[in-house]
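In this chain, residues are counted from 1 in sequence order. Just so it is clear, the model here is predicted, and its values are computed rather than measured.
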Amino acid sequence: MIEQQTVNEFLTALSSKRPTPGGGGASALAGALSGALGLMVGNLTVGKKKYADVEADVAAAMSRLEEARDRMVRLAQEDAEVFAPLAAAYGLPAGTEEEKARKAQVMEENLLAASLVPLRIMELAVEVLSDLEELEKKGSVMAVSDVGVAVQFARTAVTGAVMNVYINTKSMKNRENADKINDRAGKALEEGIRLADQVYDIVLGRLKGNEKR
């Protein structure tokens, strides 16, 4: 289980020739790091007199980020779990018409599952970015750089996971299902990049002294 691994254990597994963990799991963990950094910003904000007026909003964002962080770790595990049956499906016999039909059905089912997990990573990362946008506005000024780093991790979760969506949907025979998933992925990609770049540019401006808050 990924959640039980040390950082070094995960990196060793990621470095190996084994198919999992791979890009999907790495994207999910980038999302988890984003949520964790957002929580750090919140923890440096709540309880401070200076931020008493926004404490409730920050606390609410922290609750969502904690849930997102934990879900991202679970999605990293799920990404590995859905790949195994897909890999096995490629090796199914296809000598007879019956075997071909069975293989096609199993392939389609597993391609769908392998597309949906990274899609969930993307959509969850967009939610994380919305909370980071709020923390940029209301979080401790001492931790604004951490918001910027968190934003880049969430951006990576979005732009990384979309690769795993598309590599699976392109092999699906049910193009209606594939198009629906691709449409959701495209929207998440566009919104994720927009939000991430917008917040990152604001943070960068603040750090360079172009904007004070």
Flag, side chain of Glu136 to backbone of Val144, donor-acceptor distance under 3.5 Å: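 Not at all, since once roles are kept as given, no pair shorter than 3.5 Å links the two residues.
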
N/O donor-acceptor pair under 3.5 Å between Ser16 side chain and Ala13 backbone: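 Judged by distance alone, yes, a pair lies under 3.5 Å.
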
Under the side chain to side chain donor-acceptor pair (under 3.5 Å) test, residues paired with Asp183 that sit two or more places apart: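 Asp183 satisfies side chain to side chain donor-acceptor pair (under 3.5 Å) with Lys187 only.
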
Side chain to side chain donor-acceptor pair (under 3.5 Å) partners of Arg120, counting only residues at least two apart: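 Not a single residue meets the side chain to side chain donor-acceptor pair (under 3.5 Å) criterion with Arg120.
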
Please report the closest heavy-atom contact between [X] and [Y], naming both atoms and the distance.
X      : Y      : value
Glu66  : Leu39  : CA-CD1, 3.7 Å
Ala154 : Val128 : CB-CG1, 4.4 Å
Asn110 : Ala89  : ND2-CB, 4.3 Å
Val165 : Ala185 : CG1-CB, 3.9 Å

Value rounded to 0.5 Å, distance of [atom1] in [X] from [atom2] in [Y]:
X     : Y     : atom1 : atom2 : answer
Leu29 : Leu75 : CG    : CG    : 10.0 Å
Lys48 : Asn43 : NZ    : CG    : 10.0 Å
Asp79 : Thr20 : CG    : OG1   : 8.5 Å

NZ/NE/NH1/NH2 to OD/OE distance under 4.0 Å, Glu191 and Arg194: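 Looking at Glu191 and Arg194, the cut-off is met.
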
Glu99/Arg102 salt bridge by N-O under 4.0 Å criterion: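 Not counted as a salt bridge, because no side-chain N and carboxylate O are separated by less than 4.0 Å.
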
Pairs satisfying side chain to side chain donor-acceptor pair (under 3.5 Å), at least one member in residues 157-178, at least two apart: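 As it turns out, the side chain to side chain donor-acceptor pair (under 3.5 Å) pairs with a partner in residues 157-178, which skip direct neighbours, are Thr169-Asn182.
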
Sole candidate of Glu108, Lys103, Glu109, Met107 that passes side-chain contact (heavy atoms from CB on, under 4.5 Å) when paired with Gln105: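 Exactly one candidate clears the test, Glu109.
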
Audit row: Val58, Tyr51, side chain to side chain contact (heavy atoms under 4.5 Å, CB included) steps and yes/no: CA-CA 9 Å; Val58 172; Tyr51 304 103; over 6 Å; no

Criterion side chain to side chain contact (heavy atoms under 4.5 Å, CB included) on Glu55 and Thr45, from CA distance to verdict: CA-CA 7 Å; Glu55 182 165 316; Thr45 305; over 6 Å; no

From CA spacing to verdict: side chain to side chain contact (heavy atoms under 4.5 Å, CB included), Leu92, Val106: CA-CA 9 Å; Leu92 288 174; Val106 173; 3.9 Å; yes

Between Gln4 and Glu9: side-chain donor-acceptor atoms closer than 3.5 Å: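 No donor-acceptor contact under 3.5 Å links the two side chains.
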
Stepwise salt bridge (Lys or Arg N to Asp or Glu O under 4.0 Å) check, Glu134 with Lys137: CA-CA 5 Å; Glu134 185 161 27; Lys137 297 172 182 174; over 6 Å; no

Verify same cluster id: Met72, Phe153 (apolar side-chain graph, 4.5 Å):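 Unlinked, Met72 and Phe153 end up in two clusters.
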
Steps toward salt bridge (Lys or Arg N to Asp or Glu O under 4.0 Å) verdict (Arg155, Asp197): CA-CA 8 Å; Arg155 191 186 197 279; Asp197 290 353; 2.8 Å; yes

Step-by-step salt bridge (Lys or Arg N to Asp or Glu O under 4.0 Å) determination, Glu123 to Arg184: CA-CA 9 Å; Glu123 292 176 338; Arg184 283 172 60 185; 2.8 Å; yes

